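I have placed the structure first, in the form of structure tokens, so that the comments after it can refer back to it.
Keep in mind that the numbers below use all heavy atoms, side chains included, and drop hydrogens, waters and symmetry copies. Quick caveat, the model's predicted, so the values are computed rather than measured. Every chain is numbered from 1 and lettered A, B, ... according to where its sequence line falls, protein lines coming before strand lines.
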Amino acid sequence: MSEALAPVVVKEIPPKAADLSAWYTAACLKAELVSYSPVRGCVVLRPYGFGLWENLRTHLDARFKATGHENAYFPLLIPESLLLKEAEHVEGFAPEVAWVTQGGSETLSERLAIRPTSEVIIGTMYAQWIESYRDLPILINQWANVVRWEKATRPFLRTMEFLWQEGHTAHATAEEGRDETLRILELYRDFAENVAAVPVYAGRKSAGERFPGAVETFAIEALMPDGRALQSGTSHDLGQNFARAYDITFVDADQQIKHAYTTSWGVSWRMLGGLIMVHGDDRGLRIPPKMAPIEAVFVPIVRSGDDRAIEVCTTAAQRLRQAGFRVRVDTREEQPGWKYSEWDLRGVPVRIEIGPRDVDAATATLARRDRDKSDKEQRRTVALDSLAEVLPELLSDIQTSLYAQAKAFLESHTYVVQDRAEFFKLCKDRAGMVDIAWCERAECEALVKAETSATTRVLRPLEGANATCVVCGEPAKVRAYFAQSY
RNA sequence: CGGGACGUAGCUCAGCUUGGUAGAGCGGUGCGUUUGGGACGCACAGGUCGCAGGUUCAAGUCCUGUCGUCCCGACCA
């Protein structure tokens, strides 16, 4: 093997394919996205990780605003008596609610839940705000932290405290509520695929996977490299369940008092975990350009008595920043090769190398993170003046290529199955998304889970008639993707 | 919450079986030489061995408890 083609050796993280868990944890820590904290199950989101979260927030927030939603903020603490009003909801969340029982030195007369989600407190406020059909719809989103007392935690995928957004809306009719639920589902799908570059299956959840208290739950599900599915966003049609529990009523145009129809929907920083696992490779993260805190990093190459590259990089970076690019200049006193590896690990889409040769020729050498060193097209040299024109195209191409790779993986790991034995084997082996005609019976789903640990991820309408359930032979009602999940 | 493994320098770990002066590599700091895929020399700094009890003349090492991390299940976003 010639020296030029020697594989890039990564010391900090283990190979991805050998042990996805070990790779994932190391990647999150070494890329400086998160640090473990003194609090069990809670991570610190470091500046680079927060940058990633901010980009998620910016893109989703713009989509929420564009569809008529407004941001607001509700209390972190929820009185127990309020929480108890919706039985199914309480039962669903009881095992993971953290409680405040003491304030200063005084024991509280009523304990306060730290929100695991905010349907309760927001529903209570909606009951006060809504009087007439003219007050509807209410379309509110909250960016917040929530706490769920988890037993096993992992960075982003499951932490006791996590950041998310939760949308809560109220409508005059069932149709409007359902439309909202589906509008958001599509918004999430669009964000996941076109911004995070994570292809997903979107659809309805089975009754067993439904949000506690919801009439219907919809979700987007992504496929991780180990063949497990990651629920990456949910949208719930709550019907009138919460309106009844929290007395959200209004006088309609026909002068009748009616309960409102509500929805809730959320995406958490868990989606970042999905993005990391889906796109990363043995060298570390590969962040899709639209989500990247740093789109391009300048690495000036200096020699003894020749540090002109630093000045050239700084000037070029300043110009790109003014043009709206997110760039950084790495002026640390390290070897260029060391910096290449570090920025590879941190997943910056484009590296801009400028050395003495480039300074003399007024050029810059671009290296793209989605290609390997052995790929002749990983690097190209362009005129320094043309960076602002070349970059958008390059970033866009990287975005597209990352999505295409992930899409190809999802498609090649989706199995349409007719045979029962094959279905069970694929589920048990964590082969990926296993697509069957299904009867939609809870007992059938429970059986599959007991045998294989796989559950339904999302359901979609059945095409054609007279299909039977691949698992039990009863008449099929839907098509279902089964997979083991995170 | 069950089963398993592990907590010793910033990181990865050795030392524990058989109690007796706290170790290595990497990393850090300073100076110098280097710099287009993880450079090198010299010098320096860095630890109440996760925490709390106990046994002992003496505990990183033995005992008990506790907290945390990872893996596999169960549960959950």
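Between E333(A) atom CD and U33(B) atom P there is a gap of 12 Å when expressed in whole angstrom units. At whole-Å resolution of the value, CG in D330(A) and P in G38(B) are 16 Å apart. In this structure, CD of E334(A) is placed 14 Å from C1' of C40(B), rounded to the nearest angstrom. The nearest whole Å value for the distance from the CZ atom in R357(A) to the C1' atom in U35(B) is 12 Å. The distance from atom CG of L29(A) to atom P of C11(B) is 11 Å, rounded to the nearest whole Å. The nearest whole Å value for the distance from the CZ atom in R332(A) to the P atom in A39(B) is 13 Å. For D307(A) and U34(B), the CG to P distance is 14 Å, given to the nearest whole Å. We find that CZ of R303(A) is positioned 7 Å from C1' of G36(B), with the value rounded to whole Å.
Shortest non-hydrogen contact noted between V299(A) and K339(A) is CG1-CD, 3.9 Å.
Across all strands shown, G53(B) forms a Watson-Crick or G-U wobble pair, both distances under 3.5 Å, with C63(B). Figure legend. C42(B) is base-paired to G30(B); pairs are counted as Watson-Crick or G-U wobble with both atom distances under 3.5 Å. With a 3.5 Å ceiling on both atom-pair distances, the Watson-Crick or G-U wobble partner of G2(B) is C72(B). Taking a pair to require two hydrogen-bonding distances under 3.5 Å in either a Watson-Crick or a G-U wobble arrangement, A14(B) remains unpaired. Pairing of A58(B), defined by two Watson-Crick or G-U wobble distances under 3.5 Å, is not identified with any nucleotide. If you check G47(B) for Watson-Crick or wobble pairing at under 3.5 angstrom, you find it has no partner at all.
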Treating primed atoms plus P, OP1 and OP2 as sugar-phosphate and everything else as base, which nucleotides of nucleotides 67-76 of chain B get B, S or - for protein heavy atoms under 4.0 Å? -SSSS-SSSB
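With both ends at atom P, the span from G28(B) to A58(B) equals 42 Å, rounded to whole Å. As rounded to the nearest Å, U17(B) and G60(B) have C1' atoms that lie 14 Å from one another. Rounded to whole Å, the separation between the C1' atoms of U61(B) and G50(B) comes to 16 Å. Rounded to whole Å, the separation between the P atoms of A22(B) and U35(B) comes to 44 Å. Only the P atoms considered, A24(B) is 13 Å distant from C44(B), to the nearest whole Å. Remark: the separation of the C1' atoms in A45(B) and G10(B) is 13 Å, to the nearest Å. For the P atoms, the distance linking A74(B) with C62(B) amounts to 35 Å, nearest Å. A gap of 29 Å separates the C1' atoms of A5(B) and G46(B), to the nearest Å.
Residues I354(A) and R457(A) both approach RNA chain B. Their nearest nucleotides, taken by heavy-atom distance, put I354(A) toward the 5′ side. Each of G337(A) and K30(A) lies near RNA chain B, and the nucleotide nearest K30(A) is the one positioned closer to the 5' end.
A donor-acceptor contact under 3.5 angstrom links the side chains of R115(A) and N145(A), judged on distance only. Side chains of T414(A) and Y201(A): a donor-acceptor N/O pair is present below 3.5 angstrom, by distance only. Checked by atom type, the side-chain pair T263(A)/E180(A) shows no donor-acceptor distance below 3.5 Å. For the residue pair T153(A) and T159(A), no side-chain donor N or O sits within less than 3.5 Å of a side-chain acceptor on the partner.
Contact annotation for T159(A): base contact, defined as any heavy-atom pair under 4.0 Å involving a base atom. No contact: L230(A) has no heavy atom under 4.0 Å from any strand.
Residue Q335(A) places no side-chain atom within donor-acceptor reach of the base of G36(B), judged by atom type and a 3.5 Å distance cut-off alone. The base of G37(B) sits with one of its N or O atoms less than 3.5 Å from a complementary donor or acceptor on the side chain of R351(A).
Between Q484(A) and the choices K428(A), R430(A), K449(A), R457(A), the side-chain hydrogen bond (donor to acceptor under 3.5 Å, both in side chains) rule is met once, by R430(A).
We find the CG-OH distance between L230(A) and Y486(A) to be 8.0 Å, quoted to the nearest 0.5 Å.
Within the 4.5 Å cutoff, side-chain heavy atoms of R328(A) are placed close to those of W343(A). No side-chain heavy atom of E334(A) sits under 4.5 Å from any side-chain heavy atom of E342(A).
In the set U34(B), G36(B), G37(B), the nucleotide with an atom closest to the side chain of D358(A) is G36(B).
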